Amino acid sequence: MSTPLWNEHITEIGDDMKDDTKIIHAGRAPFDHYGAVNTPVYHASTILFPTMAQYLSRGTDPNVKVRYGLRGTPTSFALEDALTELESGAGTILNPSGLQAITMAFMAFVEPGDHVLVTDNTYAPCRSFCDNFLSRFGVTTEYYDPLIGEGVKELIRQNTKLIWTESPGSQTFEVQDIPVIADIARQAGVISIIDNTWSSGYFFKAIENGIDVSIHASTKYISGHSDVMMGAIICNEATYERVKEITDLFGNFAAPDDVYLTLRGLRTMGVRMSRQHTNGIKVAKWLEAHPLVMKVMHPALESDRGHDIWKRDFTGAASLFGFIVNETDQTKVAAFLDGMKLFGMGSSWGGYESLLIPTFPNENRSVTKWEPDGQTMRIHIGLEDPDDLIDDLEDGLRRLAK
Ligand SMILES: *Cc1c(COP(=O)(O)O)cnc(C)c1O
């Protein structure tokens with residue numbers, strides 16, 4: 001599908017074009033901006049109209065594309081168009097953070113009395129929103145086993161409004177059977193949503209796989225430089241108007257400088273993610289062979305239980321994955337982490353630099369257990385030479401064993 005781009009001077013992006021071409025050309029109209037390659041940053045609240053007729057046109061005049069800063073400018077339209085193209089959606093809504101994209105996506109669809117199904121390995125703040133906010137408004141959340149597959153059908157009730165998926169899920173990286181879940185949802189008249197941050201819409205096409213709404217923390221790989229907060233809700237034809245209406249009611253807005261940085265990051269996301277795919281697999285295989293590592297949760301490894309579905313549905317692997325070390329003594333785990341030279345310790349991921357943190361997945365699940373005999377870790381592989389990263393990990397695991 002070729003989506004209607006807001007600007008007629010823009011390069012026509014054909015459906016037959018490959019992602020790496022779309023990432024470069026979508027959302028750009030240089031000759032509307034004095035030939036500047038990048039869509040400039042528009043800082044605007046007030047937008048002026050030359051005539052009363054245009055001021056009062058309320059969407060009927062095709063020459064009036066910008067009404068008020070809150071409702072978007074060429075800067076935000078450019079990023080929205082590019083993300084819509086990348087995920088084959090009908091439209092995109094930007095949000096000031098990935099978490100806001102999550103909460104807005106829920107708010108667009110739920111009403112008091114509704115029941116929602118949420119995967120048990122979902123991003124922890126998504127769980128907090130369901131437990132501490134939706135519950136106050138009479139919306140019941142039921143968590144389900146991420147590996148449930150077609151079993152999700154049995155959980156759908158009369159009042160089920162939406163099914164929330166995330167694949168691979170946070171911390172434990174189970175791969176969900178998205179085409180099956182999306183199909184069951186559609187047949188039951190239930191909205192299906194995915195948190196597609198891991199693949200960034202580059203390695204997995206959520207909407208083409210039957211999902212209604214794909215949300216992203218564009219904070220991660222899309223912006224890619226660990227300096228921006230940004231979220232996006234990418235909708236199919238059936239859901240776009242609804243999500244747009246509700247987010248407008250909330251006054252949802254993403255700031256122009258951050259939108260610009262996200263778009264700038266997107267332009268190189270293809271090469272970054274391809275390199276990170278390769279580097280990530282190299283490090284994952286090295287970890288898998290290490291005697292102190294009990295398990296590696298990386299769907300591109302043949303040993304991974306999600307490998308077959310990943311291979312069927314994804315075109316590559318992000319460089320964020322998990323592993324379990326053969327040790328739970330927190331002093332030893334601290335010796336491992338505190339001495340790392342190249343790996344930083346911190347929340348978030350998707351930047352150009354490598355990260356390593358301990359995780360405690362069992363604290364954020366309720367219907368499945370995560371109780372391995374070792375410490376679970378989360379690793380993000382950046383753009384460093386993977387051999388240097390492996391040396392750093394080798395030294396770290398030596399400190400762990402001491
Ligand atoms: C980081 C993250 C988010 C939230 O994004 P922010 O921009 O940090 O609010 C949502 N989902 C997943 C899977 C994430 O990793």
Side-chain angles (χ1 to χ4, degrees), residues 79 83 87 92-107 118-130 133 143 146 164-176 178 193-204 206 211 213-234 247 250 252-255 257-259 261-263 265-266 269 273 276 280 297-299 306 314 317-322 344-351 353-357 359-361 363-365 376-382:
L79 179 57
L83 295 178
E87 276 243 38
T92 296
I93 293 129
L94 302 178
N95 313 90
S97 69
L99 182 54
Q100 182 93 346
I102 291 174
T103 60
M104 283 289 111
F106 274 103
M107 294 310 285
V118 176
T119 183
D120 206 27
N121 57 0
T122 196
Y123 177 63
C126 172
R127 175 182 285 267
S128 299
F129 175 76
C130 294
F133 185 84
Y143 296 98
W164 191 272
T165 65
E166 185 184 323
S167 182
S170 283
Q171 320 292 20
T172 47
F173 302 94
E174 292 92 339
V175 181
Q176 293 196 263
I178 297 296
I193 306 185
I194 189 170
D195 182 332
N196 201 15
T197 301
W198 190 82
S199 93
S200 296
Y202 185 63
F203 290 140
F204 180 65
I211 287 282
V213 178
S214 172
I215 78 99
H216 291 265
S218 330
T219 305
K220 309 288 167 57
Y221 288 109
I222 296 176
S223 70
H225 294 72
S226 307
D227 53 3
V228 184
M229 305 301 302
M230 186 62 61
I233 308 173
I234 300 147
T247 50
F250 273 89
N252 178 73
F253 176 74
D257 288 315
D258 293 340
V259 169
L261 285 174
T262 306
L263 200 45
L266 177 71
M269 186 179 79
M273 285 194 85
Q276 283 170 289
M297 292 85 78
H298 189 308
F314 288 68
S319 62
L320 182 84
F321 59 97
M345 231 183 306
S347 298
S348 205
W349 44 277
E353 84 293 5
S354 294
L355 300 166
L356 179 63
I357 53 169
T359 59
F360 303 90
E363 292 174 2
N364 289 302
R365 9 183 98 205
T376 308
M377 313 289 291
R378 190 184 76 180
I379 188 165
H380 172 258
I381 301 302

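Note that ligands are numbered from 1 as they come in the structure, with each ligand's atoms numbered from 1 the same way. Quantities reported herein were computed from a predicted structural model and do not represent experimental measurements.
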Q. Residues two or more places apart in sequence or in another chain: which of them pass side-chain contact (heavy atoms from CB on, under 4.5 Å) with Thr122?
A. Val118, Thr119, Cys126, Arg127, Trp164, Glu166
Q) Angle class for the Phe314/Phe204 ring planes (parallel below 30°, perpendicular above 60°, tilted otherwise)? A) parallel
Q | salt bridge (charged side-chain N to carboxylate O under 4.0 Å, His left out) against Arg378, all qualifying residues, sequence neighbours excluded | A | none
**Q.** Residue list, side-chain contact (heavy atoms from CB on, under 4.5 Å) with Thr103, at least two apart or on another chain
**A.** Leu99, Gln100, Phe129
Q. Is a side-chain donor-acceptor pair under 3.5 Å present for Glu87 with His216?
A. yes
Q. Tyr221 and Ser319: side-chain contact (heavy atoms from CB on, under 4.5 Å), yes or no, with the steps?
A. CA-CA 10 Å; Tyr221 288 109; Ser319 62; 2.8 Å; yes
Pairwise, report which nitrogen or oxygen atoms of ligand 1 are under 3.5 angstrom from protein nitrogen or oxygen atoms, and how far apart they are.
| residue | atom | partner | partner atom | Å |
| --- | --- | --- | --- | --- |
| ligand 1 | 7 (O) | Gly98 | N | 2.8 |
| ligand 1 | 7 (O) | Thr219 | OG1 | 2.5 |
| ligand 1 | 9 (O) | Gly98 | N | 3.2 |
| ligand 1 | 9 (O) | Leu99 | N | 2.8 |
| ligand 1 | 11 (N) | Asp195 | OD2 | 2.6 |
| ligand 1 | 15 (O) | Lys220 | NZ | 2.7 |
| ligand 1 | 15 (O) | Trp349 | NE1 | 3.2 |

